[in-house]
Amino acid sequence: QQNVQQSPESLIVPEGARTSLNCTFSDSASQYFWWYRQHSGKAPKALMSIFSNGEKEEGRFTIHLNKASLHFSLHIRDSQPSDSALYLCAVRARTGKLTFGDGTVLTVKP
Amino acid sequence: GPKVLQIPSHQIIDMGQMVTLNCDPVSNHLYFYWYKQILGQQMEFLVNFYNGKVMEKSKLFKDQFSVERPDGSYFTLKIQPTALEDSAVYFCASRVGQANTEVFFGKGTRLTVV
């Protein structure tokens, strides 16, 4: 049974700051690792994903995966007020099941 | 981008009644999901579905729940009978294939059981 945990539970940062969100998972056979963002009352929307150890950068967002540590993270450079949302990490198993963490609420203050 | 449509956006139902939540997935997608979200927090997996069959379901997918996609039309989640604890936002999602493809979510149906 996959167990996905996120930290911190909530985070308040000033505009322009670098933000780091963390996610741990329990099933070492997990295949794909995703970050989703959900604005209040909206559908979750995928930000980016990774499947092999290392880093991947897309614009202001960087995802980092360490399978041996059962950990991946999302880093946001130059955080903007529009980045304020619920961030959900998700891990996809070979069966196709996508398991989400319990979320980090990010607030970026102007 | 691709859109998953969910109808209705909000439904209020009396405890014990049946409810069917409808989802129109992205047209060429083959894998379908239902998730339950309470208080805008954790997105909890209910079930995934492929080729007319349930692939995997969680312990939240009680015996009162069922899913189907008759004739490739709407992908539905039926709850019969409903209970107060079924009140939540239910999200439908779909993806196209087996590789690392994005799972697209609908905007959700807010179900209130009274």
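Residue numbers start from 1 in every chain, and the chains themselves are labelled A, B, ... in the order their sequence lines are given, proteins ahead of strands. Every value quoted in this text rests on a predicted model; they were computed, and no experiment measured them.
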Scored by heavy-atom pairs under 4.5 Å with chain B, the best of A:Gly41, A:Gly101, A:Gly103 is A:Gly101

Ring-plane angle category for B:Phe65 and B:Phe61, please: parallel below 30°, perpendicular beyond 60°, tilted otherwise. perpendicular

Under 4.5 Å to a heavy atom of chain A? For B:Glu102 that would be both

The interface call for A:Lys97 against chain B, heavy-atom contacts under 4.5 Å, is both

Quiz item: So do the side chains of B:Ser94 and B:Val103 get within less than 4.5 Å of each other, counting heavy atoms only?
Solution: no

Among residues 61-90 of chain A, residues within the sub-4.5 Å heavy-atom range of chain B, in order of number, are A:Leu86, A:Leu88

Taking the side chain as every heavy atom from C-beta outward, state whether B:Thr109 and B:His10 have any atom pair closer than 4.5 Å. no

Has the side chain of B:Tyr90 got a donor or acceptor atom that lies under 3.5 Å from a matching backbone atom of B:Asp86? yes

Ranking B:Met55, B:Glu44, B:Arg110, B:Gln37 by heavy-atom pairs under 4.5 Å to chain A gives rank one to B:Gln37

Cut-off 4.5 Å, heavy atoms of chain A, and the answer for B:Gln6 is neither

Closest heavy-atom pair, A:Ala43 versus B:Phe105, reported as atoms and distance to 0.1 Å, is CB-O, 3.7 Å

Are side-chain heavy atoms of B:Lys57 and B:Phe49 found at a separation under 4.5 Å?
no

In this structure, CE of B:Met43 is separated from CD1 of B:Ile38 (nearest 0.5 Å) by 12.0 Å

Would you please classify the geometry between the A:Phe25 ring and the A:Phe33 ring as parallel, tilted or perpendicular, with 30° and 60° separating the classes?
tilted

Under 4.5 Å to a heavy atom of chain A? For B:Tyr35 that would be side chain

The interface call for A:Gln6 against chain B, heavy-atom contacts under 4.5 Å, is neither

In terms of heavy-atom contacts, B:Pro8 and B:Gln11 come closest through CG-OE1, 3.2 Å

